[in-house]
There are 2 protein chains.
Amino acid sequence: MLKTAPCGRKKVQEPAPTGESLDSWETILTVFLREKSLRLTDQRRKIASIALSHDSHFEIQELVREVRKSHPEISPATVYRNVKTLCEAGLLQETLESRSGVTLYERTESEHHDHIVCLDCGLIFEFHNAAIEKAQTKAIRAMGFFETRHQHVIYAKCDLIKK
Amino acid sequence: MLKTAPCGRKKVQEPAPTGESLDSWETILTVFLREKSLRLTDQRRKIASIALSHDSHFEIQELVREVRKSHPEISPATVYRNVKTLCEAGLLQETLESRSGVTLYERTESEHHDHIVCLDCGLIFEFHNAAIEKAQTKAIRAMGFFETRHQHVIYAKCDLIKK
DNA sequence: ATGAATGCAAAGGTTTTGCACCCCC
DNA sequence: GGGGGTGCAAAACCTTTGCATTCAT
C-alpha cells in the first residue's frame, strides 16, 4: 500500500552510502536503555530489528503484522510500547501522515529529507534541496525562532508530463 | 488545547483583508453540491457554518462537540460525513497533525501558509515566505513534478531568544 | 531480588456502516 | 417519487491499560 518507489524515475536522493550509520542501532539502543535503566529484551530487539529494517515509512499496523508473522508470540501491545521507546531513543520518528490519516514512522537518518507524495501513482519520494532548506532557516530565524526539525510534504503529480 | 495565538509576538501573516473571500462558502458549497447532485440539508449547512467559522485548525471531535451544543439533534456520524463532503468541496482541508496524532482540519484559504509549531509554548503560527515557495516550486519542477499543494510544518522554539 | 517488560484481555476512543425513516430537489 | 441524507446503534478499528506472570540485570 505505502511504498517508496521510483515512479518511473530514480529517487532523487540516494540512501546513505553504507546503508548503516557508523553507530549501529543496537549500540544506540543499548546505550539509551542503560541510561534509562530499561532492559533489552528479546522482543525489544526483534521489534527494533524489524522496524529499523524499513527503508521508508511504515505504519504501526504494518509493523505489527510483520512482527506477528515471524514472531507470533509477540503481542501487538508490545509492538506499540516498543515503537514508543524507539522514538524516545531517537531511532524512529513520526513522519508525514498517510492520506488515510494514520501516523507513519520512519528510521531516523542522519540526513534530512523532504517528501513528495505523488497524486498520480500514490508513491512517496524523498528529496533534499539546499535552496529550500536555506530559505527556510533564514525565514525562521527572521521570525525569531530556532528550528529544531521540520516536515515538508509536497503533493504533486508526476504523470502530467507524460501526457 | 490547540490555539493559534501570538506566542508573545504578532502572527507573521495577517488574515485575509476582508475576513471572507469574495465567493462565500455558501455559494461554493451550493455549486459543488449541484454539480455532484448532492443536497443542501439543514444539517449540512449548520455543520459547514460552524466548521468554516474556525479561524484556525480544529479537530473533528471539537467540531462534534460544538455542533452538539447548538444543535443537539445532529448526530456525530453526520458531522463526520459532512466534514468529508466539505473536504471534497475544497472548503476544508486536512492539515498538519496535532502532536497527539489526531487529524486536524482547517478552512481552505485563498492564501497559502506554512506552519510553525512552537515547541516551547505549544502554539501554532502561520506564515508565508515567498523565498521558500519559490525555491520549492523550482525544485519540484526540476524533478519533473507539478505541485498541487504542500504542507510545510516547522517545529521550532520561540523561547530561546528570551533566555 | 526487584523493578521492568510482556501477554492477554478488556477498556477507551475514534471513525465507519447498516438500516429504517426522512426530506430535498 | 426517488435518491441522497440523517439518526441511531452496532460494528470496526486502532491504541492504551490493568494485571498477573516472566525475565533482565
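As a basis for the values below, the full set of heavy atoms in this structure was taken, side chains included, without hydrogen atoms, waters or symmetry mates. Lettering follows sequence order; numbering is per chain, from 1.
- The side chain of B:Q43 contributes an N or O atom lying less than 4.0 Å from OP1 or OP2 of D:dG7.
- Straight-line distance from the CD atom of A:E35 to the P atom of D:dT25: 16 Å, rounded to whole Å.
- If you check D:dG5, D:dT6, D:dT15 against the side chain of B:T78, the one that comes closest is D:dT6.
- OP1 and OP2 of C:dT16 both lie 4.0 Å or more from every side-chain N or O belonging to B:Y80.
- Contact annotation: B:T41 reaches the phosphate of D:dT6 (side-chain N/O to OP1 or OP2, under 4.0 Å).
- In this structure, A:N82 reaches the sugar-phosphate backbone alone: every heavy-atom distance under 4.0 Å involves primed, P, OP1 or OP2 atoms, never a base.
- The nearest whole Å value for the distance from the OH atom in A:Y105 to the P atom in D:dC14 is 14 Å.
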Before you tell me yes or no, could you show the steps for B:Q43 and B:V67 under side chain to side chain contact (heavy atoms under 4.5 Å, CB included), namely the whole-Å CA-CA distance, both residues' side-chain angles and the distance that decides it to 0.1 Å? CA-CA 10 Å; B:Q43 291 93 328; B:V67 169; over 6 Å; no
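- Put simply, CZ on A:R44 is 10 Å from C1' on C:dT6, counting in whole angstrom units.
- The shortest distance between side-chain heavy atoms of A:H152 and A:I154 falls below 4.5 Å.
- When rounded to the nearest whole Å, the span between CZ of A:F58 and P of D:dC14 equals 16 Å.
- Of the candidate nucleotides C:dT17, D:dT6, C:dT15, C:dT15 has the atom nearest to the side chain of B:I60.
- Non-hydrogen atoms lying under 4.0 Å from DNA chain D are contributed by B:E73, B:I74, B:S75, all within residues 63-75 of chain B.
- Residue B:R39 places a side-chain atom within donor-acceptor reach of the base of D:dG3, judged by atom type and a 3.5 Å distance cut-off alone.
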Test side chain to side chain contact (heavy atoms under 4.5 Å, CB included) on A:W25 and A:R107 and set out the steps. CA-CA 10 Å; A:W25 60 262; A:R107 205 171 46 201; over 6 Å; no
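- Closest approach of B:L91 and B:L52 over heavy atoms only: O-CD2, 3.6 Å.
- When the side-chain nitrogen and oxygen atoms of B:K84 are compared with OP1 and OP2 of C:dT15, none of them lie within a distance under 4.0 Å.
- One can place NZ of A:K46 at 12 Å from C1' of C:dT6, the figure rounded to the nearest angstrom.
- Using a 3.5 Å distance cut-off with no hydrogens or angles, the side chains of B:T27 and B:T30 do not pair a donor with an acceptor.
- In this structure, the CG atom of A:L40 is 9 Å from the P atom of D:dA24, given to the nearest Å.
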Do A:M143 and B:F127 pass the side chain to side chain contact (heavy atoms under 4.5 Å, CB included) test, and can you show the C-alpha distance, the side-chain angles, and the key distance before you say yes or no? CA-CA 9 Å; A:M143 289 185 278; B:F127 74 98; 3.5 Å; yes
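- Of the charged side-chain nitrogens involved, at least one lies within less than 4.0 Å of a carboxylate oxygen, so that B:E73 and B:K46 count as a salt-bridged pair.
- Within 4.0 Å (heavy atoms only), B:R81 reaches at least one base atom of the nucleic acid.
- In summary, the side chains of B:E66 and B:H54 do present a donor paired with an acceptor at a separation below 3.5 Å, with no hydrogens or angles considered.
- Counting any heavy atom pair closer than 4.0 Å across all strands shown, A:K36 reaches no nucleic acid atom.
- In this structure, A:A77 and B:V79 both approach DNA chain D, and ranking their closest nucleotides by distance from the 5' end singles out B:V79.
- Atom CG in B:L33 sits about 14 Å away from atom P in C:dC24, given to the nearest Å.
- A side-chain N or O of A:Q136 and one of A:H150 form a donor-acceptor pair less than 3.5 Å apart.
- A donor-acceptor contact shorter than 3.5 Å links the side chain of A:R44 to the backbone of A:R39.
- Regarding B:R45, its CZ atom lies at a distance of 14 Å from the P atom of C:dC23, rounded to whole Å.
- Within the helix from C:dA1-D:dT25 to C:dC25-D:dG1, the inter-axis angle between the opening and closing five-pair segments is 40°, rounded to 10°.
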